[in-house]
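See below for the structure under consideration.
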Protein chains: 2
Amino acid sequence: MKDVTCPDSPLADLCRQRGLKLTGQRRTIAFVLSDSDDHPDVEELYRRAVAVDPRISIATVYRTVRLFEENGILQRRDFGGGRARYEVADGEHSDHYHLIDASTGKVIEFENAELNALLDSIVREKGYDLVTTRLSIVGRRKAGGED
Amino acid sequence: MKDVTCPDSPLADLCRQRGLKLTGQRRTIAFVLSDSDDHPDVEELYRRAVAVDPRISIATVYRTVRLFEENGILQRRDFGGGRARYEVADGEHSDHYHLIDASTGKVIEFENAELNALLDSIVREKGYDLVTTRLSIVGRRKAGGED
DNA sequence: GTAGTTGCAAACTTTTTGCCGCGCA
DNA sequence: TGCGCGGCAAAAAGTTTGCAACTAC
């Protein structure tokens with residue numbers, strides 16, 4: 001009995017496109033991920049997935065997250081703090097970066113074309129083609145800034 | 001009996017300057033670190049330290065590395081691969097970045113003034129003061145490059 | 001029908017911690 | 001001499017895996 005606990009999602013489609021079996025658990029995890037615009041770690045992902053369908057174990061979340069990463073569906077990020085965090089890989093080219101608030105740990109995403117170009121030229125000059133950039137800037141809110 | 005297993009080192013001095021007790025183990029670890037220009041993880045550090053003085057436990061390496069980090073002597077880096085890696089913090093301002101060879105995993109350090117300036121202005125524009133930058137670029141050696 | 005997937009619990013890996021004797025300042 | 005440090009081994013925290021049952025295709 002195919003007992004659908006949650007609807008399809010863009011990530012579920014991607015999953016099919018890559019020829020991966022779309023099990024109930026994967027559909028759920030894909031749904032949760034499609035619905036997230038932050039950078040959850042595995043435990044947080046597990047919490048959200050269980051809220052949708054309690055028949056998911058954390059081992060499955062780990063396995064799925066790894067599978068999705070290997071298939072270019074997810075990207076692993078490391079913001080310090082010991083646990084891996086994940087976000088949807090937005091195709092080859094909307095490179096974005098992370099500004100981390102030093103006091104709150106909050107992650108702010110941003111893009112910057114000039115930065116893209118500069119990084120590209122630096123790497124090229126050293127004889128490499130740019131594959132991925134991982135940039136996190138830790139910053140402290142300037143005195144006089146709004147709360 | 002003060003039984004010196006290894007000489008003082010720039011990091012040992014720094015250690016004293018911060019008012020930290022300079023024990024034999026710390027001197028050894030400081031020595032090993034001063035002597036390293038790569039990015040060892042704790043286990044590698046432990047291996048190198050034990051080679052100098054076998055009376056060191058891995059717990060001490062963990063404790064020392066954390067202590068040094070808290071005192072701005074070391075910086076923790078995350079190149080993926082699960083374990084934290086460390087390098088000597090070169091004072092406030094010789095910010096440098098890492099280019100990681102996608103095929104070999106080799107880490108190439110570089111500096112770039114233009115990049116420093118651009119990052120600084122980006123962060124400032126968002127109302128923050130730059131504290132630290134963590135930038136790793138993964139690149140693949142261009143076809144036709146030397147080996 | 002079958003190969004691939006899941007849940008569970010146990011194993012593993014990396015890092016932290018409690019306790020007590022010891023060494024640095 | 002006193003307070004903090006280090007060794008040891010056990011515990012925590014995060015992640016992976018073996019196995020038998022199950023499910024998508």
Side-chain angles (χ1 to χ4, degrees), chain A residues 1-6 8 12-13 15-30 32 39-47 49-50 52-71 73-74 76-86, chain B residues 1-6 8 12-13 15-30 32 39-47 49-50 52-71 73-74 76-86:
Chain A
M1 175 187 35
K2 184 193 287 191
D3 139 21
V4 175
T5 337
C6 77
D8 261 27
D13 290 339
C15 195
R16 261 191 287 258
Q17 274 174 40
R18 311 280 154 119
L20 305 173
K21 268 192 194 173
L22 190 58
T23 63
Q25 289 88 334
R26 289 186 187 167
R27 200 196 331 270
T28 299
I29 294 170
V32 164
H39 309 82
D41 58 32
V42 170
E43 204 155 308
E44 178 59 28
L45 227 38
Y46 174 58
R47 231 173 282 129
V50 162
V52 176
D53 177 358
R55 292 168 309 172
I56 287 187
S57 88
I58 190 142
T60 299
V61 179
Y62 273 105
R63 282 192 273 234
T64 303
V65 133
R66 198 191 338 168
L67 181 76
F68 282 7
E69 195 194 356
E70 285 165 3
N71 283 272
I73 296 175
L74 280 186
R76 188 199 306 237
R77 295 286 176 183
D78 240 318
F79 298 131
R83 44 252 267 164
R85 297 170 65 175
Y86 291 86
Chain B
M1 174 187 37
K2 184 193 286 188
D3 140 24
V4 175
T5 336
C6 76
D8 261 29
D13 291 338
C15 195
R16 261 191 287 258
Q17 273 173 42
R18 310 280 155 118
L20 305 173
K21 266 193 196 170
L22 189 58
T23 63
Q25 288 89 334
R26 288 186 187 168
R27 200 197 330 271
T28 300
I29 294 170
V32 163
H39 309 82
D41 57 33
V42 171
E43 204 155 306
E44 177 59 27
L45 227 38
Y46 174 59
R47 232 173 281 130
V50 162
V52 175
D53 177 357
R55 293 169 307 174
I56 288 186
S57 88
I58 190 144
T60 300
V61 179
Y62 272 105
R63 281 193 272 233
T64 303
V65 134
R66 202 202 323 178
L67 182 76
F68 282 5
E69 195 194 355
E70 285 165 3
N71 283 272
I73 297 176
L74 280 186
R76 190 198 305 238
R77 297 287 176 183
D78 241 319
F79 299 131
R83 40 248 275 162
R85 296 169 65 175
Y86 291 87

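Letters A, B, ... are given to chains in the order of the sequence lines, protein chains preceding strands, and every chain is numbered from 1.
Closest heavy-atom contact between A:Val65 and A:Tyr86: CG1-CZ, 3.0 Å. Scanning all heavy atoms of the two residues, the minimum distance from B:Leu22 to B:Cys15 falls at CD1-SG, 3.9 Å. When all heavy atoms of B:Ile29 and B:Val61 are compared, the closest pair comes out as CD1-CA, 4.0 Å. The shortest heavy-atom contact between B:Ile58 and B:Glu43 is CD1-CA, 4.5 Å. When all heavy atoms of A:Ala12 and A:Ala30 are compared, the closest pair comes out as N-CB, 3.7 Å.
Qualifying salt bridge (charged side-chain N to carboxylate O under 4.0 Å, His left out) partners for B:Asp13, counting only residues two or more places apart in sequence or in other chains: B:Arg16. Applying the salt bridge (charged side-chain N to carboxylate O under 4.0 Å, His left out) criterion to B:Glu70, with sequence neighbours excluded, gives no partner residue. Partners of A:Arg77 by salt bridge (charged side-chain N to carboxylate O under 4.0 Å, His left out), not counting sequence neighbours, listed by chain and number: A:Glu87.
Checked against D:dT15, C:dT14, C:dT16, the side chain of A:Arg83 finds its nearest nucleotide in D:dT15.
A distance of 12.0 Å separates CZ in B:Arg55 from OG1 in B:Thr60, rounded to the nearest 0.5 Å.
With rounding to whole Å, A:Arg85 atom CZ is found 17 Å from D:dA13 atom C1'.
Of all the residues in residues 39-47 of chain B, not one reaches under 4.0 Å from DNA chain C with any non-hydrogen atom.
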In B/S/- notation, 5' to 3', how is nucleotides 5-12 of chain D contacted by protein heavy atoms closer than 4.0 Å? SSBBB---
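Comparing B:Arg16 and B:Tyr62 by the nucleotide of DNA chain C whose heavy atom lies nearest to each, the residue mapping closer to the 5' end is B:Tyr62.
Electrostatic pairing of B:Glu44 and B:Arg47 counts as a salt bridge here, judged by a charged N lying under 4.0 Å from a carboxylate O.
Terminal axes of the helix from C:dG1-D:dC25 to C:dA25-D:dT1 (five pairs each, C1' rotation axis) are separated by 50°, to the nearest 10°.
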